Amino acid sequence: MRTIRFTLCLAILAAFTAVAYAQQSGELLIKNATIMTASHGTIENGSILIRNGKIVSVGKNVTAGPNAQVIDATGMYVTPGFIDAHSHTASEDPSVNEGTVSVSAMVRMRDVVNDRDPNIYRQLAGGTTTIHLMHGSANSIGGQNVVLKLKWGSTAEEMILQDAPRTIKFALGENPKRQGNQANPFGGTGRPLRYPATRMGVAETIREAFTEGREYMHEWDAYESAKKRGENPLQPRRDLKLDAIADILRGKLLVHSHCYVAPEILMLMSVADEFGWKVHTFQHVLEGYKVAKEMAAHGAAGSTFSDWWAYKMEAFDAIPGNAAIMARNGVVTSINSDSADLARRLYQEAAKTIKYGNVPEEEALRFVTLNAAKQLGIDRRTGSIDEGKDADLVIFNAHPFSIYARVEKTFVEGELLFDREKDIQRRDAIAREKKALIEAERRTAGQQQPSQQMETPPPTLTEEELDGHRHPERRKN
Amino acid sequence: MNLKIRMNAATGGLLAALVSCICALPALAQNSEYAIKDAKIVTVTGAVIARGTVHIKDGKIVAVGERVNVPGTAKVIDGRGLSVYPGMIDSGTRLGLTEVGSVQETQDITELGDFNSNAKAVLAVNMHSELIPVARANGVTSVITSPRGRLVSGQAAMINLDGWTWQEMAVKPTVAMAMEYPRASGGGRGGGFGGFGGQAAGNQREQARRQVEALEKKLEEARNYANAKEARAKDPSLPARPADLVLEALIPVVRGEIPVLMTANTEAEIKGAIEIADKNKLKLIITGADEAVKVASLLKEKNIPVIIGPVTEVPRREDDPYDRNFAQAAELHKAGVRFAFQTSDAAYVRNLPYQAGTAAAFGLPKDEALKAVTIYPAQIFGVDKMIGSIEAGKAANLIVTDGDPLEFRTNIKHMFINGRPVDLSSRHTKLYDKFNTRP
């Protein structure tokens, strides 16, 4: 069974990769489009010139060389590729939690990138081109995240955005507490209790890590300066966990903290102040609207959902006007998915903020493009349609904030990685190939003992289950 | 009469306030008369009236048309620039049966044991759930709320989203018997082939087969029970059988008087559900129906309607086309299969219009999309004489909008349920107002 699935995966992957014809060498001109730049307004009847994967020119009067490939986008809309600031797509480990300890700062998502996850392609089909693949939320201080460009058909190493700043996941509230409580609503029996069990304990877990990390950093700083002075000091013992904490203190590792309720948002900012670092971005932050002024004063960004609520107690005061109120108070705000479903329609989630919070259209677009890029520290490269930026672009058949809009084409760094027309054309060939593979496998299977191996669900909870987005009661079956 | 109603309203209001301080109040006035004038009227079952009037009296639509005589006593709503649509119907929710997803104490969805035909959702609906005003926000006025999770989960209800009591909310207290076809395939969503190999898969198939057998046996018992009861009614000398509430509740099911709302998702599950219905002469509605397109001709031939959604779920199999769920409604429509949309949820009922709209973006004609959240569910659940379109004689479940109700940027300006204007505020709007103006 495993063999069949694997073979099929390869076949499908091969089929998809075939479309990903290289665009990088030549010139590409998208013309006659309504261009929503996300940085400097909407250009009616405009053009975008792409060369070597970059946007070289955008505006009403753009000229291309005679050999440029041309896409006539009359009646179409072009937006920047969408950036999902909170994703668990393309992870080898569906659990995404190193749940045995409450501080797991040493583990790295870049070590477990699964470049064959079909959700990568599905999300490209929804215009998403960049994701922040995050560690889970079982730990007060979780692992290090990684930023990926969704280059379907490339290797994990090629998808990793190497020059993106490093980020680390923190988590506050119900999830990191859960393993400290016997009465786990998700049935966590058989696991030993793990400190902390309260929001007080979460705060102290973080303070303890930074107390230790600060001492560790001082030890190394003393060692390095002694070396510089020409002395021959004893090298401190390397600790991968404390290395990460020290990097936060040095401003080299940006903190993205999962949180829900107002008091824990204030708590983390006060702990950060105590140790002299900044919370870079609050994730989920469903009660950000209650303390938006304090977030803005600290300089923290907020990445939230458009309309999720009521799936757990700490999400009961969530409102769909959250993004609007945070943005209005000067918080750099984005809308993320945290879900393989929503990641295919971030533009629709942005549209909802217009409805529920009266957000201006371009600001709403920035919630899923430029602002998310800022939160990931990659806004010099992507997130808007500007000269010099990566050609991460989406072509829609209608205004992206209309329910009737559909993504027609998605480019990542100038490469056409999703094309609806070609996708539809390919379906018959894929179906035939699948049938042939299954028949071949059936013939072989008939000669062998039936396999005892069965696909089993992962023994640990997935992030969606842990966080309750896919609480069992929301499941269809 | 009026005074009495006001008093009831006051006591109810106090109660509601005790339950929760931010809950929107159910409509106060009854037996009032309203006229929505000079609005575009999308009746759904008839032609669109470019500019006309809807006259509402005593909870009902009494007249609709270009020229309608309305007495001066009616309260007039200026509909210029606005559109009137029937309130939308969500064909599958747990609204009123759950409050906070992760808090077990707030779940009233899944009873113990395999056979819960006597469990009635309507009895457990919390009229004052904070989720109800939120569910109404984008134009949903009625929902199917249903027990879930068992072979026979219980009785689903069609309720209106306004009322002081569940009796007042019920459009039809028992509208269908909710059942779940046993899952025969291994693995979960995104899984590949549960079809062959593996002992665990074999065990699951065997267990599913036994459950199907148990269900058919129970249905047979219900038929016998019904026959014995009927015979004794004619001939009292026959011995009395002890009353059995589970079998009693199955009598209208085996007689085909109320439909079975059977959850079945894969091609094999849908075919299995149809086989059970055929053998036992059940009236069948399939819900979930992820792979209904693969069984489309059979569904069409047997005139079995399907409830699909959420349209936005990730495709079940990793090699499914990326838009399988977005495009399914269009394909069913082309194949002539009757269908309606569901959110299959409680907190996200307000997103029902976007289920229909997304299906329209992927090929379903827009008017069909609107019908699949209005008149089609009313027809499928047998309440189309009461709700689902703007016609004289039907309950006045209406929305007045500033645009296409399936679009994100459209706002609901007024809502009527049973002819009463409904408060459009909710926990969300109140928290928004409070913190948007925080000093």
Side-chain angles (χ1 to χ4, degrees), chain A residues 1 4-5 8-9 12 118-119 121-122 125 174 185-186 289-290 292-293 307-313 316-317 319-321 325 328 340-341 344-345 348 351-352 354-357 401-406 423 427 430 434 438 442 445 450-457 468 471 473-474 476-477, chain B residues 94 98-104 107 109 130-131 134 180 183 186-188 190-193 196-201 263 265 288 290 310 312-315 318-319 321-323 344-348 350-351 353-354 357-358 360-362 366 406-411 427-428 431-432 435-436 438:
Chain A
M1 181 157 144
I4 293 184
R5 286 197 55 187
L8 245 181
C9 256
I12 292 158
N119 288 315
Y121 182 75
R122 291 173 182 146
E174 290 179 20
F186 298 93
Y289 70 96
K290 295 184 180 177
K293 287 176 207 303
D307 64 357
W308 287 13
W309 77 296
Y311 47 93
K312 59 205 302 204
M313 208 56 228
F316 205 52
D317 266 9
I319 62 169
I325 294 181
R328 213 165 279 145
D341 157 22
R344 303 169 305 156
R345 45 196 181 92
Q348 297 192 338
K352 290 176 184 170
I354 300 177
K355 178 195 192 87
Y356 296 118
F401 294 157
S402 163
I403 186 73
Y404 304 116
R406 204 174 53 209
D423 180 284
R427 288 180 191 181
I430 291 176
K434 175 180 173 178
I438 290 173
R442 275 214 171 104
S451 163
Q452 295 294 306
Q453 201 175 12
M454 178 62 197
E455 296 280 327
T456 45
H471 182 266
E473 81 95 0
R474 271 204 74 191
K476 284 211 303 181
N477 57 12
Chain B
R94 305 106 208 255
T98 175
E99 197 72 11
V100 179
S102 70
V103 180
Q104 186 53 43
Q107 310 306 318
I109 298 163
E130 294 280 6
L131 278 65
V134 172
E180 308 217 345
R183 292 191 61 192
F193 302 88
F196 18 60
Q199 199 169 14
T263 303
N265 277 302
D290 278 356
T312 44
E313 284 275 89
V314 173
E318 60 188 21
D319 59 329
Y322 83 93
D323 61 354
S344 192
D345 218 310
Y348 305 100
R350 68 175 162 204
N351 287 338
Y354 313 139
T358 299
F362 284 81
K366 286 182 189 179
L406 305 189
E407 276 285 12
F408 291 113
R409 290 197 245 186
T410 297
N411 294 297
R427 182 180 186 85
H428 292 181
L431 281 167
Y432 180 84
F435 286 95
N436 197 32
R438 187 200 134 178

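Note that this is a predicted model, so its numbers are computed, not measured. Residue numbers start from 1 in every chain, and the chains themselves are labelled A, B, ... in the order their sequence lines are given, proteins ahead of strands.
A/Asp307 touches chain B through backbone and side chain together, each having a heavy atom under 4.5 Å away. Residue contact with chain B, scored on non-hydrogen atoms closer than 4.5 Å, involves the backbone of A/Ala405 exclusively.
Across all non-hydrogen atoms, the minimal contact from A/Ala125 to B/Tyr322 is CB-CD1, 3.4 Å. In terms of heavy atoms, A/Asp317 sits closest to A/Tyr289 at O-OH, 2.6 Å.
For the set B/Asn436, B/Leu131, B/Thr312, the entry with the most heavy-atom pairs within less than 4.5 Å of chain A is B/Thr312.
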Determine, stepwise, if the pair B/Asp323 / A/Arg406 fulfils salt bridge (Lys or Arg N to Asp or Glu O under 4.0 Å).
-> CA-CA 11 Å; B/Asp323 61 354; A/Arg406 204 174 53 209; over 6 Å; no

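A cation-pi geometry, defined here as NZ or CZ lying under 6.0 Å from the six-membered ring centre and within 45° of its normal, does not hold between A/Arg345 and B/Tyr354.
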